[in-house]
Amino acid sequence: MRLMPSRSPEWRRAGMLLACLLSPAGATHAGDRLLATGGLMDIEGSGGGGLTPWALIAGLGTDTQLGASAYCTRVSPQDFTLESCGVAAGIANRVELSVSRQHFDLGSTVPGNTISMTTVGAKVRVFGDALIDQDRWWPQIAVGAQWKHNSDFDIVPALLGARHADGVDYYVAATKVWLAGPLDLSWIADLTLRETEANQLGLLGFGGDLGGYRLMAEGSLGVFLTDSLVLGGEYREKPNDLSAFREQDFKDAFLAWFPVKYVSITGAWTFLGNIADKPSQQGVYISLQLSY
């Protein structure tokens with residue numbers, strides 16, 4: 001896999017102001033990390049895959065730079081629509097701060113109604129470097145948290161038996177990159193453990209009559225078919241805290257394209273299982289991301 005850094009872009013005035021406020025003293029303000037090393041952005045706004053956060057820090061900033069990513073994602077299973085947009089800042093390739101907004105159209109389940117949720121995330125890389133540590137077995141490791149607020153808790157979640165409108169997910173992620181892996185291709189793998197009581201990511205509230213926090217496993221595997229094309233799949237365990245319906249695990253198969261260093265377009269086919277009163281939900285996932 002050929003990864004080449006590019007020259008620093010010109011920032012708009014607002015972007016320069018943000019960089020000056022957030023970056024460490026003496027830092028430069030350009031995304032000089034290599035292609036795809038900030039990952040994509042997951043449905044809740046953290047750097048990673050489409051369904052799960054990775055240990056990678058969002059953006060393309062090095063350890064002396066500020067990086068950032070912005071995204072919008074739309075997931076369209078048969079009976080619902082989920083839209084999510086957000087931004088994330090990566091500080092010195094060490095700390096990630098993110099904020100995103102999710103809108104879930106309830107379709108024919110509750111016609112004319114949408115559930116909205118805000119997610120604020122923080123992540124810290126605590127060990128390793130997924131790119132530099134090629135001659136070592138250990139992965140890059142990060143710990144993170146996502147605070148979520150359901151703005152429409154009383155519409156459906158409370159009626160289903162959810163206990164809270166707010167919740168916090170805690171996770172630890174381990175990500176490994178092999179630049180010269182099997183078949184002489186580059187590979188990326190991630191394992192994330194998440195402590196959560198979120199029902200359907202939090203869109204149906206938090207906790208329920210069957211319990212609260214549970215430890216869930218999430219995983220991703222991707223291979224670079226070319227320098228700019230990644231094929232992969234993801235799996236995300238889900239808690240089952242509401243007796244009103246059975247919550248099932250998420251999975252997808254994705255193809256991510258990086259036409260230029262600062263842009264990615266991801267398409268996927270998602271398998272979402274049972275959602276509220278609709279079984280066997282599956283459909284298209286499409287996401288556009290800008291990074292520096």
Side-chain angles (χ1 to χ4, degrees), residues 40-46 48-53 69-88 98-121 146-167 169 196-208 218 234 236-254 265-290:
L40 305 172
M41 292 184 74
D42 74 10
I43 199 71
E44 294 143 311
S46 299
L51 296 180
T52 182
S69 294
Y71 81 102
C72 276
T73 294
R74 181 182 176 92
V75 186
S76 302
Q78 298 100 308
D79 297 294
F80 304 97
T81 300
L82 173 62
E83 295 179 344
S84 178
C85 293
V87 295
S98 62
V99 61
S100 61
R101 183 77 167 168
Q102 291 77 37
H103 299 280
F104 183 53
D105 189 326
L106 292 167
S108 61
T109 297
V110 187
N113 281 277
T114 299
I115 294 176
S116 296
M117 183 174 73
T118 300
T119 303
V120 178
Q146 295 172 332
W147 173 81
K148 304 174 183 180
H149 171 69
N150 190 309
S151 303
D152 301 293
F153 179 73
D154 294 331
I155 293 178
V156 172
L159 299 178
L160 292 175
R163 294 177 177 173
H164 315 293
D166 301 271
D169 288 1
T196 181
E197 62 172 354
N199 306 312
Q200 298 294 359
L201 310 180
L203 294 165
L204 295 183
F206 302 86
E218 306 171 11
E234 298 176 284
R236 176 169 175 170
E237 280 192 320
K238 307 288 292 308
N240 191 35
D241 289 338
L242 297 175
S243 60
F245 71 91
R246 180 187 176 194
E247 187 166 355
Q248 295 178 307
D249 298 343
F250 284 174
K251 42 193 175 291
D252 72 24
F254 69 85
I265 302 169
T266 303
W269 189 260
T270 59
F271 304 87
L272 306 178
N274 185 74
I275 299 178
D277 63 335
K278 299 295 193 297
S280 303
Q281 293 296 296
Q282 56 183 292
V284 174
Y285 169 113
I286 186 74
S287 182
L288 172 65
Q289 178 176 320
L290 307 177

Q: CG of D166 to CZ of F153: how many Å apart, nearest 0.5 Å?
A: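 Output value for this atom pair is 9.0 Å.
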Q: Are side-chain heavy atoms of K278 and T109 found at a separation under 4.5 Å?
A: yes
Q: For residues S69 and Q289, report the shortest heavy-atom separation together with the two atoms involved.
A: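 Looking at all heavy atoms of both residues, the shortest contact is OG-NE2, 3.7 Å.
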Q: If you round to the nearest 0.5 Å, how far is CZ of R236 from CZ of F250?
A: 7.0 Å
Q: Using 0.5 Å steps for rounding, measure from the OG1 atom of T266 to the CD1 atom of I286.
A: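 Going from the OG1 atom of T266 to the CD1 atom of I286 covers 7.5 Å.
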Q: Distance from K238 atom NZ to D249 atom CG, nearest 0.5 Å?
A: 7.5 Å
Q: To check you understand the geometry: which heavy-atom pair defines the closest contact between G202 and N150, and what is its length?
A: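 Scanning both residues, the minimum pair turns out to be O-ND2, 2.8 Å.
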Q: Do E44 and K148 have side-chain heavy atoms sitting under 4.5 Å apart?
A: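 When only atoms from C-beta onward are counted, K148 and E44 do touch, with a gap below 4.5 Å.
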Q: Any side-chain heavy atom of S98 sitting closer than 4.5 Å to one from Q146?
A: no
Q: Under 3.5 Å, is there a donor-acceptor pair between the side chain of N199 and the main chain of G207?
A: yes
Q: Testing the basics here: between M41 and Y285, what is the closest heavy-atom pair and its distance to 0.1 Å?
A: O-OH, 4.0 Å
Q: Indicate yes or no for a side-chain donor-acceptor contact from D169 to the backbone of T196 under 3.5 Å, with no hydrogens or angles considered.
A: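 Checking the backbone N and O of T196 against the side chain of D169, no donor-acceptor pair under 3.5 Å is found.
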Q: Looking only at atom types and distance, does a side-chain atom of S84 sit under 3.5 Å from a main-chain N or O of I43, one as donor and one as acceptor?
A: yes
Q: Give a yes or no on whether the backbone of T114 and the side-chain of D105 come within a donor-acceptor separation of less than 3.5 Å.
A: no
Q: If I compare all heavy atoms of P53 with all of E218, which pair ends up nearest, and what's the gap?
A: CD-OE1, 3.6 Å
Q: Would you indicate whether the side-chain heavy atoms of P239 and E197 approach each other to under 4.5 Å?
A: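 When only atoms from C-beta onward are counted, P239 and E197 do not touch, as no gap falls below 4.5 Å.
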Q: Which residues pass the side-chain contact (heavy atoms from CB on, under 4.5 Å) test with K251, not counting sequence neighbours?
A: Y235, F271
Q: Return the minimal non-hydrogen interatomic distance between L242 and G208, and the atom names on each side.
A: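 Scanning both residues, the minimum pair turns out to be CD2-CA, 3.7 Å.
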Q: Roughly how far, to the nearest 0.5 Å, is CG of L82 from CD1 of I115?
A: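 I115 atom CD1 to L82 atom CG measures 10.5 Å (nearest 0.5 Å).
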Q: Could I get the full list of side-chain contact (heavy atoms from CB on, under 4.5 Å) partners for Q248, not counting sequence neighbours?
A: R246, N274
Q: Is there a donor-acceptor pair under 3.5 Å between the side chain of E234 and the backbone N or O of L51?
A: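 Judged by distance alone, yes, a pair lies under 3.5 Å.
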Q: Mind checking what makes salt bridge (charged side-chain N to carboxylate O under 4.0 Å, His left out) contact with R74, not counting sequence neighbours?
A: E83
Q: Backbone N or O of G49 within a donor-acceptor pair of the D42 side chain at under 3.5 Å?
A: no
Q: Provide the full list of salt bridge (charged side-chain N to carboxylate O under 4.0 Å, His left out) pairs with a residue in residues 106-118, sequence neighbours left out, each pair given once.
A: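 Sorted result for residues 106-118: empty, none.
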Q: Between Y71 and S100, which heavy-atom pair has the shortest distance, and what is it?
A: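 Result for this residue pair: OH-CB, 3.4 Å.
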Q: Answer yes or no: is there a donor N or O on one side and an acceptor on the other, between the side chain of T270 and the main chain of D252, under 3.5 Å?
A: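 Flag not set: sc T270 to bb D252 has no pair under 3.5 Å.
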Q: At what distance, to the nearest 0.5 angstrom, does OG1 of T52 lie from CG of L40?
A: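 Between atom OG1 of T52 and atom CG of L40 there are 12.0 Å.
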Q: Step by step, work out the side chain to side chain contact (heavy atoms under 4.5 Å, CB included) result for L288 and C72.
A: CA-CA 6 Å; L288 172 65; C72 276; 5.6 Å; no
Q: Could you pull out all residues at least two apart from V110 that satisfy side-chain contact (heavy atoms from CB on, under 4.5 Å)?
A: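 For V110, the residues satisfying side-chain contact (heavy atoms from CB on, under 4.5 Å) (neighbours in sequence not counted) are L106, N113, V156.
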Q: Determine, stepwise, if the pair Q102 / T119 fulfils side chain to side chain donor-acceptor pair (under 3.5 Å).
A: CA-CA 8 Å; Q102 291 77 37; T119 303; 3.0 Å; yes
Q: Output all residues satisfying side-chain contact (heavy atoms from CB on, under 4.5 Å) with I275, sequence neighbours left out; order by chain, then residue number.
A: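 Per chain and number, I275 pairs via side-chain contact (heavy atoms from CB on, under 4.5 Å) with F80, F104, Q200, L272, Q281.
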